[in-house]
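Just so it is clear: chains get the letters A, B, ... in the order the sequence lines come, proteins before strands, and each one is counted from 1.
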Protein chains: 2
Amino acid sequence: MQDELPACPVETTLLLISDKWKVLILRDLLGGTLRFGELRRSLGSVSQKVLTANLRQMEHDGLVHRKVYPEVPPRVEYSLTETGKSLRPVIEAMRDWGSNYQAERAA
Amino acid sequence: MQDELPACPVETTLLLISDKWKVLILRDLLGGTLRFGELRRSLGSVSQKVLTANLRQMEHDGLVHRKVYPEVPPRVEYSLTETGKSLRPVIEAMRDWGSNYQAERAA
DNA sequence: CAGGATCCCAGATGATACTG
DNA sequence: CAGTATCATCTGGGATCCTG
């Protein structure tokens, strides 16, 4: 995405994962490798264009690995790089907090 | 913000803090109470309108507390509610990760 | 199946002016 | 000082069509 990183670490993280779908892409790829179509469905309702764009950025940022199989019909698998996997604590923290918030609301 | 929460905890969290400035507002208010103007300056370059809108949503969502002093000139202080403070682990996780990412990039 | 190329839009953000 | 009110802008996102 950008190649100039903000000085603030929090802003740096925001720059890389603050788009609407990136966090959800991480959530799903943390479960393991997925094909483009599988990922698309697991996300809910992303358009191809947007999903592709997000994945390309994440690949460029070193978060996602893209593996193309020279087959017909085409097959492309996405997985997290080590850097991508290292975001797990962030996603988990969000999951935990969201879970508690939902519970509070129910009460 | 919304009153209907998504089923997924991660999405719930996203719904509440995914706006451009909210995470940074949290980052700064985690350091303690701030006046409107102070918060504005510490964020960098938000417009009043946007900052106000974000704070109002966060107040509605129970993350931020707004205290108005009946003085002239006006004085309004913002602080985090307990629910807001409970987001600290999320922000910290982002800070840690961003910090490491910056280091990796430098190398 | 994966994704490139276009056209289009809403909603978030920004800039400015005004006020209790 | 901390807003409110408007108007202008911009871009992420969506819908559709096409293709190797």
Dump the intermediate steps for side chain to side chain contact (heavy atoms under 4.5 Å, CB included) on K67(B) and V76(B), then the final yes or no. CA-CA 6 Å; K67(B) 180 163 187 180; V76(B) 180; over 6 Å; no

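For the contact set between residues 27-49 of chain B and DNA chain D, defined by any heavy atom under 4.0 Å, the members are R35(B), F36(B), G37(B), Q48(B), K49(B).
Between E11(A) and P6(A), the closest heavy-atom pair is CB-CB, 3.7 Å. In plain terms, the two heavy atoms of T12(A) and G98(B) that are nearest each other are CG2-O, 4.2 Å. Scanning all heavy atoms of the two residues, the minimum distance from R27(B) to C8(A) falls at NH1-SG, 3.1 Å.
Spacing between atom NZ of K67(B) and atom C1' of dG3(D) amounts to 19 Å, rounded to whole angstrom units. Per the geometry, CG belonging to D19(B) stands 12 Å off P belonging to dG13(D), to the nearest Å. If you take CG of L16(A) and P of dG12(D), they are 14 Å apart, rounded to a whole angstrom. In this structure, L15(B) atom CG and dA12(C) atom P are separated by 11 Å, rounded to whole Å. If you measure from atom NZ of K20(A) to atom P of dT13(C), you get 13 Å, rounded to the nearest angstrom. When the P atom of dT4(D) is taken as reference, atom CG of L51(B) falls 11 Å away, rounded to whole Å. One atom, CD of E77(B), and another, P of dC1(D), lie 15 Å apart when rounded to the nearest Å. Whole-Å rounding puts the W21(A) CH2 to dG14(D) C1' distance at 10 Å.
The side chain of R56(B) sits closest to dG3(D) out of dG13(D), dC1(C), dG3(D). Distances from the side chain of P73(B) to the nucleotides dC1(D), dG3(C), dG13(D) place dC1(D) closest. Across dT13(C), dG3(D), dG3(C), the shortest atom-to-atom separation from the side chain of V76(A) is found for dG3(C).
A salt bridge does not link E38(A) with R40(A): none of the charged nitrogens is closer than 4.0 Å to a carboxylate oxygen.
Heavy atoms of Y78(B) sit under 4.0 angstrom from primed sugar atoms or phosphate atoms, though from no base atom.
A side-chain contact (heavy atoms from CB on, under 4.5 Å) with Y101(A) is found for exactly one of L87(B), D61(B), T13(B), L15(B), namely D61(B).
Residues T33(B) and E77(B) have side chains that never bring a donor and an acceptor to within less than 3.5 angstrom of each other.
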